Peer 1: 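Below you will find the structure I want to go over with you.
As the structure is a computational prediction, the values presented were derived from the model and not from experiment. Within every chain, numbering begins at 1; the chains are lettered A, B, ... in the order of the sequence lines, protein sequences first and strands thereafter.
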Amino acid sequence: MLTLKQITDDKQAVIAGLEKKHFAGATEAIEAVLQYSEERKAAQQKKDAASAEMNKIAKSIGQLMAQGKKDEAEEAKKHTGTLKQDIATYEKEMAEAEKKQTDTLLTIPNVPYSVVPEGKTAEDNRAVKTGGFALPEDAQAKMNGFDCEGIALGGWDEKWNPQPAEARLPHWDLAKQYNLIDFDLGVKISGAGFPVYVGQGARLQRALINFFLAEAAKAGYTEIMPPTVVNQDSGYGTGQLPDKEGQMYHCNTDDLYLIPTAEVPVTNIYRDVIIEESKLPVKMCAYTQCFRREAGSYGKDVRGLNRLHEFSKIEIVRIDTPEHSDASHREMLSHVEGLLQKLELPYRILRLCGGDMSFTAALCYDFEVYSEAQKRWLEVSSTSNFDTYQANRLHCRYRRQEDKKTALCHTLNGSALALPRIVAALLENNQTESGIRIPKALQPYFGSEMIVK
RNA sequence: GGAAAGAUGGCGGAGUGGUCGAUCGCGGCGGUCUUGAAAACCGUUGACCUGAGAGGGUCCGGGGGUUCGAAUCCCUCUCUUUCCGCCA
């Protein structure tokens, strides 16, 4: 959540930011917070004064008793009755005002950075870069009307004969043909959205996980293997609770949640922690299964691997100083971009507009890969800077070197990468007459250079 | 699942109703000494709210209660450890 200081420092800037995010009632919400804050301060000042008086009397009674002056002590006690009641009243006022203030703050989203484009929906997101490889027909066809400058053709050895465009299949057909993924079996065991990976399909999963983890390790991220169920405090810490309660699977008996992303357990490592500035940036990566209920999604957008209830993802998380977080963010972007280049996939990077960004983000870039058989861009990574918004909830602070004071950290995270849509694009974009080609960088992890029937 | 013990500052560990935000040790930081380092010695060392400042307030796992006054007494919740049982 936003800090009170952010609001008092520059109220108008905060309101303008919230309007860019298309948050209705920004002015009213901010004014309400400020009013509750004043109420709380007033109540606290009254309460502090009464408490100070009470402490003084209590101390003097102690001294009088020690000196054996029982009568004077009894006399002093008489004054404490009303004082005690006053303190209780003021404390109640204070707690009520504080609760209203926090409750209101929790409903207010993060303020976007100035570089975030205006706009309301995904239509308004701005493509900032395009790159990678595509098959000839698709690159020339200007994928989905977007400018594809930067996307190169092929990049394949001569020994491969790409399937002609009209013969290319969507991944759900390929998964069946090559016996890689059994969606029906998943329905039997668990339900829709829980695919069963088989044989080379399972091996491809493992290869990608290892590849992504190895690349993250090379980039200096410490590998974490966290729990995949978390308690309520963790859910609140990273902001999934209370607003997105319905998105997570909940284990009733034990009141635990299945994680929707490794961001939750990994970022919560630093909940209620004060980090020495010299230790920043903290760089962590984690592979976990992710669980999403995703209620209310239907149609061809969710076919095959496009949207699942359970999937594998490698997440990178950084905790940094306010001064360096932007540089950190750029490093994360180039890390993710590097992965897509090594996988030889056509991709584009979008800077999300104010209205399409998540509740908690201050700046967010999406990575999308072009799926040649589906003729669609698929989101495979979302890389965000949360500024102090998450850290404020997490109470994640650092001790500044220069003055030894504590200040809120910035938190960042990004997928690097989520598997299912990468698998979809890899299968669809690498169809050849003799099988499905595996990009060079992935071959050592997969153990061979193609998927065969 | 059964039984017992416990939860105090970065860590260890005192403190059982009255200047206790808390003795002490370690660690950290500053200094003396040293060519440098170590050792030794001296000093310093929690977080949060409020206030221009002086100051005031809150915090000894969480919540509630008793009392003029609670780290200390009572209730309750959570967690941890040990032993037994079960299991990978």
Peer 1: Report the residues that fulfil side-chain contact (heavy atoms from CB on, under 4.5 Å) with A/T321, sequence neighbours left out, ordered by chain and then residue number.
Peer 2: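 Expected list: A/E277, A/L280, A/E323, A/H324, A/Y398.
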Peer 1: Could you give the distance separating B/G25 and B/A14 at their P atoms, to the nearest angstrom?
Peer 2: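 Those two atoms are separated by 15 Å.
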Peer 1: Return one dot-bracket line describing RNA chain B 5' to 3' (Watson-Crick or G-U wobble pairs, both distances under 3.5 Å; ( ) same strand, [ ] crossing, | another strand, . none).
Peer 2: ((((((((.[[[..)..(.....]]]((((((.......))))))(((((....))))).[[[[[..)....]]]]])))))))....
Peer 1: Work out how far the C1' atom of B/G13 is from that of B/A4, and round it to whole angstrom.
Peer 2: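 Taking atom C1' in both B/G13 and B/A4, they lie 22 Å apart.
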Peer 1: Please give me the minimum heavy-atom distance between A/I316 and A/A216, naming the atom from each residue.
Peer 2: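 Minimum heavy-atom separation between A/I316 and A/A216: CG2-CB, 4.5 Å.
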Peer 1: Please determine if A/R400 and A/E276 form a salt bridge, counting it only when a charged side-chain N lies under 4.0 Å from a carboxylate O.
Peer 2: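 No, no charged N to carboxylate O under 4.0 Å.
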Peer 1: Can A/R203 be said to sit on top of A/F446's aromatic six-ring, NZ or CZ under 6.0 Å from centre and within 45° of the ring axis?
Peer 2: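 The answer is yes, since A/R203 meets both limits relative to A/F446.
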Peer 1: On a whole-Å scale, what distance lies between the C1' atoms belonging to B/C24 and B/U8?
Peer 2: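 Their C1' atoms lie roughly 14 Å apart.
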Peer 1: Which value, in whole Å, describes the distance between the C1' atoms of nucleotides B/G51 and B/A38?
Peer 2: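 So the two C1' atoms sit 47 Å from each other.
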Peer 1: Please report the distance, rounded to the nearest Å, between CD1 in A/I87 and P in B/G65.
Peer 2: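 Going from CD1 in A/I87 over to P in B/G65 covers 14 Å.
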Peer 1: Under 4.0 Å, heavy atoms only, any strand: does A/A76 hit a base, just the sugar-phosphate, or nothing?
Peer 2: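 Counting heavy atoms under 4.0 Å across all strands, no contact is made by A/A76.
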Peer 1: Given the C1' atoms of B/U66 and B/U16, what is the spacing between them in whole Å?
Peer 2: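 Approximately 16 Å lies between the C1' atom of B/U66 and that of B/U16.
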Peer 1: Which whole-number value in Å describes the distance from A/E53 CD to B/G56 P?
Peer 2: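 For the pair A/E53 CD and B/G56 P, the rounded distance is 13 Å.
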Peer 1: Does a side-chain N or O from A/K56 land closer than 4.0 Å to OP1 or OP2 of B/U19, or not?
Peer 2: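 So the side-chain polar atoms of A/K56 never come under 4.0 Å of the phosphate oxygens OP1 or OP2 of B/U19.
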Peer 1: Do A/T238 and A/Q240 have side-chain N/O donor and acceptor atoms under 3.5 Å apart?
Peer 2: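 A pair is found: one side chain offers a donor N or O, the other an acceptor, under 3.5 Å apart.
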Peer 1: Expressed as a whole number of Å, how far does the C1' atom of B/U80 sit from that of B/A88?
Peer 2: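 22 Å, rounded to whole Å.
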Peer 1: If you measure from the C1' atom in B/A70 to the same atom in B/G63, how many Å do you get, rounded?
Peer 2: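 The same atom, C1', in both gives a distance of 16 Å.
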Peer 1: Quick one: what's the B/S/- string for nucleotides 47-53 of chain B, heavy-atom cutoff under 4.0 Å, read 5' to 3'?
Peer 2: SSBSS--
Peer 1: Here's a test for you: under salt bridge (charged side-chain N to carboxylate O under 4.0 Å, His left out), which of A/K46, A/K41, A/R40, A/K100 qualifies with A/E93?
Peer 2: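 The residue from A/K46, A/K41, A/R40, A/K100 that satisfies salt bridge (charged side-chain N to carboxylate O under 4.0 Å, His left out) with A/E93 turns out to be A/K46.
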Peer 1: How long is the gap from CG on A/D366 to CG on A/L378, to the nearest 0.5 Å?
Peer 2: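 These two atoms lie 12.0 Å from each other.
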Peer 1: Please report, rounded to the nearest Å, how far the P atom of B/G46 is from the OH atom of A/Y398.
Peer 2: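 So the OH-P distance, A/Y398 to B/G46, works out to 20 Å.
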Peer 1: Write down the distance between OH (A/Y90) and P (B/U58), rounded to a whole number of angstrom.
Peer 2: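 In whole Å, B/U58 P lies 16 Å from A/Y90 OH.
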Peer 1: Pairing donors with acceptors under 3.5 angstrom, does anything connect the side chains of A/Q390 and A/T360?
Peer 2: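 Side chains of A/Q390 and A/T360: no pair found under 3.5 Å.
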Peer 1: Could you tell me how far apart A/K59 (NZ) and B/A70 (P) are, to the nearest whole angstrom?
Peer 2: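 So the NZ-P distance, A/K59 to B/A70, works out to 12 Å.
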Peer 1: Strictly by modelled atom types, are A/Q247 and A/Y249 linked by a side-chain donor-acceptor pair under 3.5 Å?
Peer 2: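 Side chains of A/Q247 and A/Y249: no pair found under 3.5 Å.
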Peer 1: Kindly say whether A/S234 contributes a backbone atom to a donor-acceptor pair with the side chain of A/N268 at under 3.5 angstrom?
Peer 2: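 Side chain of A/N268 to backbone of A/S234: a pair is present.
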Peer 1: Would you say the side chain of A/N110 lies within less than 4.5 Å of the side chain of A/F359, judging by non-hydrogen atoms?
Peer 2: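 Heavy-atom side-chain distance check fails, nothing below 4.5 Å.
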Peer 1: What is the nucleic acid contact for A/I61, judged by heavy atoms within less than 4.0 Å: base, sugar-phosphate only, or nothing?
Peer 2: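 Here A/I61 touches the bases of the nucleic acid.
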Peer 1: For A/D233 and B/C79, give me the distance from atom CG to atom C1', rounded to whole Å.
Peer 2: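 To the nearest whole Å, that distance equals 12 Å.
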Peer 1: Could you check how far CG of A/N55 sits from C1' of B/G55, rounded to whole Å?
Peer 2: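 Roughly 14 Å, once rounded to whole Å.
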Peer 1: When you compare B/C33 with B/G12, how far apart are their C1' atoms, in angstrom units rounded to a whole number?
Peer 2: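 The answer is 30 Å between these two C1' atoms.
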Peer 1: In whole angstrom, what separates A/K46's NZ from B/U58's C1'?
Peer 2: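 Whole-Å distance recorded here is 19 Å.
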Peer 1: If you pin A/T80 and A/S51 to their nearest nucleotides in RNA chain B, which one's is more 5'?
Peer 2: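 Comparing both residues, the 5'-ward one is A/S51.
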Peer 1: Start at the 5' end of RNA chain B and walk down; is the nucleotide closest to A/M54 or to A/Q63 reached first?
Peer 2: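 The residue mapped nearer the 5' terminus is A/Q63.
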